[in-house]
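All of these numbers come straight from a predicted model, not from anything done at the bench. Scope of the values below: all heavy atoms of this structure, side chains included, with no hydrogens, waters or symmetry mates.
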Amino acid sequence: MRETTPLWTPIALLGTLLVLAWAAAAFDSVLGTALRLSGPGDPLREVARLLVQQRRRTPSADTPLMRIGVCGLPVVAVLAAVVLPLGDRPVADLAVGVVWFNAMEVCVWGSLWLTGWGPDSVYPLIGGYRAVAQGLAYELPHMFALITAALGAGSLSVSDVAGAQRGLWFAVWMPVAFAVYLVSALGMAFWGPMSRPMGSDIAGGVRAELSGPDRLVFQTGRYTLLVVAAAAAVPLFLGGGAGPVLPPWLWTLLKTVAVLAVLVWARHRLPAVRMDRFTWLSWLVLIPAALLQMLVVGIVVL
């Protein structure tokens, strides 16, 4: 029977996610200003602006449906994070934690689709279709990367996967799976090269009709999802909280920040990829590479 987690752990998880989401937004703003001479703006000022901004409404909009999609994004991000260890132990140490994480990540598709469908407007709807198409393209390599890590540990528990890397990180002897995961993490957070569901060519896509608090919740969910995608790489491929001198929770935090910085940087250095080209890349490159990596790991382990 697995040990019960302390009551303060969920509060610590939520606080950590919010702080890291704000840090990601601040770093995104700094990079945007430095590289393009204009960025997304100061996060605190943007929060204040959106809180007082009046909501826009389109004719015939299904507002409850849209709100479910918008609010579902941060909720799904937090639910995905409950199986990730905060040092040694997660909030919910599920025996099928890897499956739970992948299932919550798939729920992001539903949130984006509802957000795009709800306003009854052309551009958000196009963004919703793009989100579904992108999800279908990256989900298989993403799933294979997760399965490879679980296969290496012989367990679907995220804690067990992290514990199996005491001697050697999975990122070292599963480099292809790690690289595929990082690419799919961008898709999971529809970020950087994978941001076509919110493309400027369709006036912002799924968020085109969002304003005021709705847009704030959506943006918070997006940055939180990016943090969760970065944090999952730590127990799955980077040894979890293992490391010298420092306590496990601090090692987990430092590794998460390092991966998060790389993902934020990718937005400003890598161009957006068209859905048809990414689908081609996924089926002809990422999926065969991930399967080959899984085969190698299976041979070594078994």
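- Under the 4.0 Å criterion applied to side-chain N and carboxylate O atoms, Asp201 and Arg196 are assigned as salt-bridge partners.
- Around CH2 of Trp249, the count of heavy atoms belonging to other residues, nucleotides or ligands within 6.0 Å does not exceed 12.
- Nearest approach of Ala290 to Phe144, heavy atoms of both residues: CB-CB, 3.8 Å.
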Margin query: Between Phe178 and Trp173, does the ring pair (Phe, Tyr, Trp, His ring centres under 6.0 Å) criterion hold? Intermediate values first, please.
Written below: CA-CA 9 Å; Phe178 181 51; Trp173 74 286; over 10 Å; no
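- When all heavy atoms are compared, the tightest approach of Ala145 to Phe237 is O-CZ, 3.6 Å.
- Proximity of Pro64 to Asp62: side-chain heavy atoms (C-beta onward) are separated by under 4.5 Å at one or more points.
- For the pair Val228 and Ala81, the tightest heavy-atom approach, listed with the atom from each and the gap, is CG2-CB, 3.9 Å.
- Around atom CZ of Arg49, more than 12 heavy atoms belonging to other residues, nucleotides or ligands sit under 6.0 Å away.
- In terms of heavy-atom proximity, Trp251 sits nearest to Gly243 at NE1-C, 3.1 Å.
- A donor-acceptor pair under 3.5 Å is formed between the side chain of Arg215 and the backbone N or O of Arg207.
- In this structure, Trp100 and Val82 have side chains that are in contact, with non-hydrogen atoms separated by less than 4.5 Å.
- Remark: Trp113 pairs with Trp117, Tyr129 by the ring pair (Phe, Tyr, Trp, His ring centres under 6.0 Å) rule, at least two apart or across chains.
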